[in-house]
Participant: 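The following block contains the structure, expressed as structure tokens.
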Amino acid sequence: MLEARDTCSGATGRNGGHITPVLYQDYSELKKKHGAEVAGEIVRFRLSHLNELLTVASEEKLLEESQCRETRAYDVYQNQSLYRNAKKLLEVFKRDLPVEGSEMEIVEDRAVLQELQLAPSVVGCVASRGGAVHPYRLVTGILERLLKRYPSRFHLLTHTPCTSIEDAEGGYAVKTPRGEIRARQVVHATNAWVSHLLPGLRGKVIPVRAVMTVQMPEEKWTEAGSRSFVMYSGSSYMVFDYLTQQPSGELMMGGGFFRHHAHLTEIGNADDRGWHGKVAAYLGTTQYFRRSAGVTGVWGGIMAVSADGQPWVGRVPGAISGRAGAGEWVAAGYSGEGMVHAWGCGRAVGAEMGGREERVPRVFRAWEK
Ligand SMILES: Cc1cc2nc3c(=O)[nH]c(=O)nc-3n(C[C@H](O)[C@H](O)[C@H](O)COP(=O)(O)OP(=O)(O)OC[C@H]3O[C@@H](n4cnc5c(N)ncnc54)[C@H](O)[C@@H]3O)c2cc1C
């Protein structure tokens with residue numbers, strides 16, 4: 001496993017840790033585009049991640065360290081017309097997918113909103129089963145175990161970027177500044193940076209820089225760790241902020257993407273050494289809650305926005321790699337929703353490389369067409 005920088009230094013080590021998929025908000029659109037069956041598959045694929053990550057964290061004895069946990073997730077609406085639209089979309093979702101929709105409910109009783117400490121400007125919420133995790137600790141914990149379990153078979157080479165890949169006898173020559181590796185198969189798991197080595201994905205998987213803040217509330221929230229929030233403040237689902245509460249009391253707050261015209265400079269930006277200062281300032285002053293918190297940390301991270309909104313998974317066609325060999329694989333392009341896509345996509349690639357078939361929604365496949 002080659003890593004250009006430190007272990008887990010990409011988006012996984014920098015994100016907000018929400019394991020809460022977008023569901024009813026885009027189900028109707030997915031159904032229109034791909035049909036009810038595929039839309040249902042996508043929903044179930046996303047939803048499978050919470051149980052899967054909880055199981056893995058438990059099996060690897062990483063539950064405590066990774067803080068992988070179930071939460072009550074609230075989609076919070078401040079805009080009346082978007083909220084009305086959300087309720088309609090939720091109705092369609094629950095009608096079409098009664099099992100998946102069974103744990104979703106509308107919360108608009110003022111006393112309950114107050115108990116959730118939401119500001120008076122909030123018009124209502126949709127509550128569902130969600131989850132949260134400290135993904136850096138989960139991933140580094142798993143890597144640590146793999147290194148111990150397979151000391152001679154698994155190597156993690158940090159500060160070793162792959163600079164190019166060439167067809168070679170028996171497979172590929174993978175070039176790095178530290179030397180060349182021969183491989184029968186290559187997996188591209190570089191998400192936002194994937195099109196560097198897969199030129200056919202340029203313009204299809206696009207790096208987008210985002211900001212994450214850590215905030216410490218003046219007083220620890222009594223329910224810390226058990227709730228998570230996505231806050232829609234405008235008239236579009238594209239304009240949102242999100243918050244998870246760590247059991248320790250810290251709040252992880254991200255979003256603000258369309259604030260201060262940030263999209264104009266952050267789309268196509270693959271440099272995570274910095275971040276958009278005004279978005280960071282906005283995230284430190286949002287007023288969704290009745291309680292205040294002070295910013296204790298800020299950083300940038302790079303997401304991979306996919307042109308069709310779906311990940312790219314499976315064997316890479318030659319038209320995408322520009323190479324003759326048929327041993328390249330990809331799992332990338334999670335459009336800012338990696339915690340509810342990456343595990344399943346990676347697992348599918350792993351299974352298929354081993355000759356086993358694994359189902360992912362067919363619109364995730366990286367076909368030449
Ligand atoms: C600020 C922020 C907040 C987010 N919040 C959430 C959230 O709350 N919930 C959610 O579901 N998703 C969230 N996401 C998205 C999520 O983090 C990503 O979808 C997910 O982490 C992608 O995982 P990955 O392993 O594919 O990519 P990454 O974690 O980005 O890893 C890719 C790695 O590839 C390495 N690399 C790149 N090029 C090369 C090369 N040539 N050679 C070797 N190594 C290379 C990079 O250094 C990096 O470490 C967020 C993203 C950001 C940036």
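We count ligands from 1, going down the list as the structure has it; atoms in each ligand are counted the same way. We use all heavy atoms of the structure for the numbers below, so side chains are in, but hydrogens, waters and symmetry mates are not.
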Participant: Is there a donor-acceptor contact under 3.5 Å linking the side chains of D75 and Y24?
Facilitator: yes
Participant: Salt bridge check: are E108 and R84 linked by an N-O gap of less than 4.0 Å?
Facilitator: no
Participant: Does the N or O separation between G338 and ligand 1 drop below 3.5 Å for any pair?
Facilitator: yes
Participant: Give me the residue, atom name and distance of the protein heavy atom closest to atom 49 (O) of ligand 1.
Facilitator: E3 OE1, 2.6 Å
Participant: Any idea which of H341, H159, H188, H18 brings a heavy atom closest to atom 8 (O) of ligand 1?
Facilitator: H18
Participant: Looking at D271 and R209, does any basic side-chain N land under 4.0 Å from a carboxylate oxygen?
Facilitator: no
Participant: With nothing but distance in play, are any N or O atoms of G17 less than 3.5 Å from an N or O of ligand 1?
Facilitator: yes
Participant: Tell me which one of E337, R14, M1 gets a heavy atom nearest to atom 1 (C) of ligand 1.
Facilitator: R14
Participant: Starting from atom 42 (N) of ligand 1, which protein heavy atom do you reach first, and at what distance in Å?
Facilitator: C162 N, 2.9 Å
Participant: Give the contacting part of I302 toward ligand 1: side chain, backbone, both or neither, where contact means a heavy-atom distance below 4.0 Å.
Facilitator: backbone
Participant: Just need the protein heavy atom nearest to atom 31 (O) of ligand 1, so name the residue and atom and give the distance.
Facilitator: G10 CA, 4.2 Å
Participant: Are the charged groups of R69 and E64 less than 4.0 angstrom apart, N to O?
Facilitator: no
Participant: Under a 4.0 Å N-O cut-off, is there an ion pair linking E223 with R291?
Facilitator: yes
Participant: Is there a path from Y288 to V211 through hydrophobic residues (I, L, V, M, F, W, Y) whose side chains come within less than 4.5 Å of each other?
Facilitator: yes
Participant: Note the single closest protein heavy atom to atom 44 (N) of ligand 1, along with its residue, its atom name and the distance in Å.
Facilitator: A4 N, 3.0 Å
Participant: So that I can tick it off, tell me whether R129 and E100 are bridged by a salt bridge, with the cut-off set at under 4.0 angstrom between side-chain N and carboxylate O.
Facilitator: no
Participant: Could you tell me if any non-hydrogen atom of G336 lies under 4.0 Å from any atom of ligand 1?
Facilitator: yes
Participant: Is the shortest N/O to N/O distance between T160 and ligand 1 below 3.5 Å?
Facilitator: no
Participant: Just to confirm my output: which protein heavy-atom neighbour is closest to atom 27 (O) of ligand 1, and how far is it?
Facilitator: N191 CB, 3.3 Å
Participant: Can you find a side-chain donor-acceptor pair between Q246 and H134 that sits under 3.5 Å?
Facilitator: no
Participant: May I ask you to say whether E180 pairs ionically with K175, meaning some side-chain N is under 4.0 Å from a carboxylate O?
Facilitator: yes
Participant: Should T190 be counted as touching ligand 1, given the test is an N or O pair under 3.5 Å?
Facilitator: no
Participant: Less than 4.0 Å between a side-chain N and a carboxylate O, is that true for R46 and E337?
Facilitator: no
Participant: Could you tell me whether ligand 1 has any atom less than 4.0 Å away from a heavy atom of A189?
Facilitator: yes
Participant: Cut-off 3.5 Å, side chains only: do Y237 and N85 have a donor facing an acceptor?
Facilitator: yes
Participant: Between the side chains of D26 and K33, is the shortest nitrogen-to-carboxylate-oxygen separation below 4.0 Å, so that they form an ion pair?
Facilitator: no
Participant: One residue to check: A11. Relative to ligand 1, which of side chain, backbone, both or neither has a non-hydrogen atom less than 4.0 Å away?
Facilitator: both
Participant: Between D6, N15, T12, which one has a non-hydrogen atom sitting closest to atom 17 (O) of ligand 1?
Facilitator: N15
Participant: When only distance counts, is M303 in polar contact with ligand 1, meaning an N/O pair under 3.5 Å?
Facilitator: no
Participant: Measure the distances from the heavy atoms of Y242 to every atom of ligand 1 and state whether one is below 4.0 angstrom.
Facilitator: yes
Participant: With nothing but distance in play, are any N or O atoms of P161 less than 3.5 Å from an N or O of ligand 1?
Facilitator: no
Participant: Is the closest N or O pair between M339 and ligand 1 shorter than 3.5 Å?
Facilitator: yes
Participant: If you measure every N/O of G301 against every N/O of ligand 1, is any gap under 3.5 Å?
Facilitator: no
Participant: Using a strict cut-off of less than 4.0 Å between a Lys/Arg side-chain nitrogen and an Asp/Glu carboxylate oxygen, indicate whether R359 and E41 qualify as a salt bridge.
Facilitator: yes
